Amino acid sequence: MTTYGRAAEQSTFVRTYTLTRGRTKPRHLLGLETVLEAGLGRPGPAQAEECEEILALCRERRRSVVELAGRLRRPVTAVKVLVSDLLDADALIVPLTQSYADAGAGSGPSTQLLAAISAGLKRKWPNAVDHSQAG
């Protein structure tokens, strides 16, 4: 690689602490599996370029924090900080899903789904003890 190519590559590389303005902890408690969708708010003008990418991905469909980190090729902690900023600006929301118990009769998982899950677990762990045999 030439000196010019190496310098150009280094100039496009942005250090993680620059994206988060030195912050290492998100303001919101976010798990890797936390699902996000685009909200009605807008990020501030000083937000990182990655914030726009996060919003674009979440406008396509709901995304998890870990999926966003993978797509952006950034550390999960940095993405959590950026997502926290977007949550504060109402640009992202965490959609709440109704639990099966609150939804009424017949709204739980189907017996076919439960049977398929049970069969898959038995295939993965054939020596596991049945719930009825557990002590």
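Sequence positions, counted from 1, serve as the residue numbers for this chain. Because the structure is a prediction, the values reported are computed rather than measured.
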Go through the structure and list residues passing side-chain hydrogen bond (donor to acceptor under 3.5 Å, both in side chains) with [X], not counting sequence neighbours.
{"X": "E52", "result": "none"}
{"X": "R59", "result": "none"}
{"X": "R42", "result": "none"}
{"X": "D90", "result": "none"}

> For the residue pair P26 and S84, what are the closest heavy atoms and their distance?
Replying inline: CB-OG, 3.2 Å

> If you measure from NE2 on H28 to NZ on K80, what distance do you get to the nearest 0.5 Å?
Replying inline: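 The distance works out to 13.0 Å.
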
> With sequence neighbours excluded, what pairs up with R123 under the side chain to side chain contact (heavy atoms under 4.5 Å, CB included) test?
Replying inline: A119

> Any salt bridge between R74 and E53, counting N to O under 4.0 Å?
Replying inline: no

> Do R27 and D85 have side-chain heavy atoms sitting under 4.5 Å apart?
Replying inline: yes

> If you group Ile, Leu, Val, Met, Phe, Trp and Tyr whenever their side-chain heavy atoms sit less than 4.5 Å apart, what else falls in with V94?
Replying inline: L30, L32, L36, I54, L55, L57, V65, V66, L68, L72, V76, V79, L82, V83, L86, L87, L92

